[in-house]
Amino acid sequence: MSNYSVEPIYLKSGDETLGADLYRPVMRFRKPPLIIMAHGFGAERKFGLPKFAERFAETGYAVLLF
């Protein structure tokens with residue numbers, strides 16, 4: 001059993017809809033610190049970044065991965 005959950009998030013920006021994944025740690029804090037991550041090369045969020053987001057979430061950070 002992992003100590004975090006992953007929830008798909010969809011945000012409106014103008015006429016566009018942005019997809020992201022929200023990694024939520026098991027609540028040690030009411031409002032955990034948040035890290036916002038995105039690829040800098042126009043790649044999809046599934047290309048290599050989830051392993052970093054998972055590690056951050058395991059240590060108590062919330063992560064919004066674009």
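Side chains included, hydrogens not; waters and symmetry mates left out as well; all remaining heavy atoms used.
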Peer 1: In chain order, what residues pass the side-chain contact (heavy atoms from CB on, under 4.5 Å) check against S13, with sequence neighbours excluded?
Peer 2: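 Listed in chain order: L18.
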Peer 1: Suppose we screen for side-chain contact (heavy atoms from CB on, under 4.5 Å). Which residues come up paired with A53, at least two apart in sequence or across chains?
Peer 2: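 With sequence neighbours excluded, A53 shows a side-chain contact (heavy atoms from CB on, under 4.5 Å) to Y23, M37, V63, L65, given in chain and number order.
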Peer 1: State, to 0.1 Å, how close A20 and L64 come at their nearest heavy-atom pair, and which atoms those are.
Peer 2: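 Smallest interatomic distance, heavy atoms only, reads CB-CD1, 3.8 Å.
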Peer 1: Could you see if V26 belongs to whatever hydrophobic cluster contains L22? Use Ile, Leu, Val, Met, Phe, Trp, Tyr and a side-chain cutoff under 4.5 Å.
Peer 2: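 The answer is no; the residues belong to distinct hydrophobic clusters.
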Peer 1: Once you round to the nearest 0.5 Å, how far does OH of Y4 lie from CZ of R55?
Peer 2: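 Reported to 0.5 Å precision, the distance equals 11.0 Å.
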Peer 1: Using 0.5 Å steps for rounding, measure from the CD atom of E54 to the CG atom of N3.
Peer 2: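 The CD atom of E54 sits 11.0 Å away from the CG atom of N3.
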Peer 1: On a heavy-atom basis, which atom in P25 and which in A57 lie closest, and how many Å separate them?
Peer 2: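 The answer is CB-O, 3.4 Å.
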Peer 1: Kindly check if the number of other-residue, nucleotide or ligand heavy atoms within 6.0 Å of NZ (K51) is above 12?
Peer 2: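 No, not enclosed.
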Peer 1: Treating Ile, Leu, Val, Met, Phe, Trp and Tyr as nodes and any side-chain heavy-atom pair under 4.5 angstrom as an edge, say whether L34 and F66 lie in one connected cluster.
Peer 2: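 Yes, L34 and F66 fall within the same hydrophobic cluster.
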Peer 1: Quick one: CD1 on I35 to OH on Y61, what's the gap to the nearest 0.5 Å?
Peer 2: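 Atom-to-atom, I35:CD1 and Y61:OH are 6.0 Å apart.
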Peer 1: Output the distance between atom CD1 (I9) and atom CG (D21), rounded to the nearest 0.5 Å.
Peer 2: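 CG of D21 is found 8.5 Å from CD1 of I9.
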Peer 1: List the residues meeting salt bridge (charged side-chain N to carboxylate O under 4.0 Å, His left out) with E7, not counting sequence neighbours, and say none if there are none.
Peer 2: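 Partners of E7 by the salt bridge (charged side-chain N to carboxylate O under 4.0 Å, His left out) criterion, ordered by chain and then number, come out as R24.
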Peer 1: Mind checking the CD-CZ spacing from E58 to F56? Nearest 0.5 Å is all I need.
Peer 2: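 Here the interatomic distance stands at 11.5 Å.
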